[in-house]
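Basis for what follows: all heavy atoms, side chains included, without hydrogens, waters or symmetry-related copies. Numbers restart at 1 for each chain; the letters A, B, ... are given by sequence-line order, proteins then strands.
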Amino acid sequence: MNKAITIDGKTLPFEDGQTIMDAALTAGVYIPRLCHNPELKPHGSCKLCVVNANGRNVTSCTMPASDGMVVTNNTPELNEDRKALVQMLFVEGNHICPACEASGNCQLQAAGYYLRMESPHFTHFYPPRRVDASHPDIFLDLNRCILCELCVRASRDIDKKNVFGISGRGIDSHLVVNSESGRLGDTNMAVTDKAAHICPTGAILIKRKGYTIPIGKRTFDQKTLSEFHLGQVKQPEPDGE
Amino acid sequence: MNNQARISKVKIATCSLAGCFGCHTSLLDIDERLFDLLGMVEFDRSPFTDIKHCGPCDIGIVEGGVSNAENARVLREFRDNCKVLVAIGPCAITGNVPALRNNIDLWDCFQEVYLYDPGTEGNQIPNDPELPLPFDKVYPIYEVVKVDYFLNGCPPSPDAIWNFLTDLIEGRKPEIDYKLLRYD
Ligand code: SF4
Ligand code: SF4
Ligand code: FES
């Protein structure tokens, strides 16, 4: 007998060890997300993927599916909450999309489009943040970092290099580089590393690639965030926990 | 098109604060639809008319953020006089490129531009009483006054502007098509 959950009334089978997000992804049901990438262990920090499961709000990327679970996902209430989260991410950093090389390829921006964000709504912080151009092939622009830790996880778990980390607490949390100088140029990060290509925003950019794909021909000019995310399939085994 | 007899035309005011006039230029790029637009609306204060102060209007369209005291004064005048206030373009909505100065000290900024920049002659920071007082930061207009609608895009495409304006003029809540919602 197959175990199953329902999401918005639709029945989806799942296997033991799968999260709600995994089950949804396998069935082609979209749950918005930013900090989750099926190639990496879930982290559960952005909260965009919050769904209601059996009456409680939970992060679907970390919550194991259990037989008979009743999940609501694509509701106006949850999508409004998601929009507010995206708006907070916009005002917490410095996101000047018209001047950003990631524009059109950026998942934060695409989340704004997907959720119909018309303005960042909240008061902008305009925080002072660092730009690190010390690496010969990679830019690190912390103005655009949303602290999703995808680069941290990719560097640690896939590249086995541990180039990135998060330091500080609460509003003072920030991305740090694991070298004595704190500069990316003084690490062994290579442009071929997974961590160099996993950032959902324009915080990590490859040098000398600027505007090789013109605005208007980029990822989210062709597809929505949901189409893009549903196309990302899980590559390694489900991490057996 | 709605052909109900219009007793008086819809009154629109527009201005550019800390913006580049790109949004206004994109409005002009609706091309021959400008004739339809002029059949439906009358412009009050706007760079198109050279009227200096905003009178009572149905729609106020503001491009650009608030960078100095004069911007704030004009923005308040628009809010006081316009039934519906629209922020057009990311400068009005987020501060955008002018807000790049927001985490640089204003005095450092001035020195860099007017004193140290190679090629500047006479090296003086402008200080004429006629010049509006600059603010420490550039603010999106919704952080200064209440804004009713936002039209994104740097600049919004002529089609986005046309759809938006015709919705508003004909009394509908503007619906921004997914394809036309852009922050860049
Ligand atoms: S990282 Fe994304 S949201 Fe931020 S400025 Fe660049 S395109 Fe815009
Ligand atoms: S640099 Fe990019 S991948 Fe790394 S934490 Fe920031 S947003 Fe996430
Ligand atoms: S995707 Fe689940 S918390 Fe970010």
For the CZ atom on A:R208, are there more than 12 heavy atoms of other groups (residues, nucleotides or ligands in this structure) within a distance under 6.0 Å? yes
Specify which of A:C100, A:S103, A:G104 makes the most heavy-atom pairs with chain B at under 4.5 Å. A:S103
Around A:K207, counting heavy atoms of other residues, nucleotides and ligands shown, do more than 12 lie under 6.0 Å from its NZ? yes
Inter-chain contacts: residues 173-187 of chain A against chain B, heavy atoms under 4.5 Å: none
B:E143 versus A:V91: any side-chain heavy-atom pair under 4.5 Å? no
Please collect all ring-ring contact (aromatic ring centres under 6.0 Å, His included) contacts where either partner lies in residues 192-223 of chain A, sequence neighbours excluded, each pair once. A:F220-A:F228
Select one option (side chain, backbone, both, neither) describing which atoms of B:L151 are under 4.5 Å from chain A's heavy atoms. neither
If we define contacts as heavy-atom pairs under 4.5 Å, which of B:Y142, B:F150, B:Y139 has the most with chain A? B:Y142
Determine, for B:K179 against A:D221, whether the closest basic-nitrogen to carboxylate-oxygen distance falls under 4.0 angstrom. no
May I ask you to name which of B:T94, B:V147, B:I93 has the most heavy-atom pairs under 4.5 Å with chain A? B:T94
Locate the shortest heavy-atom distance separating A:I96 from B:V97; write the atom from each residue and the value. CG2-N, 3.9 Å
Interatomic distance, A:R129 atom CZ to B:N103 atom CG [nearest 0.5 angstrom]: 10.0 Å
Verify the neighbour count for atom CZ of B:F135: are there more than 12 heavy atoms of other residues, nucleotides or ligands below 6.0 Å? yes
Using non-hydrogen atoms and a limit below 4.5 Å, what part of residues 117-127 of chain A faces chain B? A:M117, A:E118, A:S119, A:P120, A:H121, A:F122, A:T123, A:H124, A:Y126, A:P127
For the student: nearest non-hydrogen atoms of B:Y183 and A:Y113, plus distance: N-OH, 2.8 Å
Inspect the surroundings of CZ in B:F48 and state if more than 12 heavy atoms from other residues, nucleotides or ligands are less than 6.0 Å away. yes
As an exercise: rank B:G95, B:G153, B:P140 by heavy-atom pairs under 4.5 Å with chain A and give me the winner. B:P140
With a cut-off of 6.0 Å (strictly less than), are more than 12 heavy atoms of other residues, nucleotides or ligands near CZ of B:R76? no
Which atoms of B:N96 are under 4.5 Å from chain A, going by heavy atoms: the side chain, the backbone, both sets, or neither? both
Interchain contact, B:L100 with chain A, by part (heavy-atom threshold 4.5 Å): both
What pairs with A:A53 under side chain to side chain contact (heavy atoms under 4.5 Å, CB included), at least two apart in sequence or on another chain? A:I20, A:V58, A:M69, A:V71
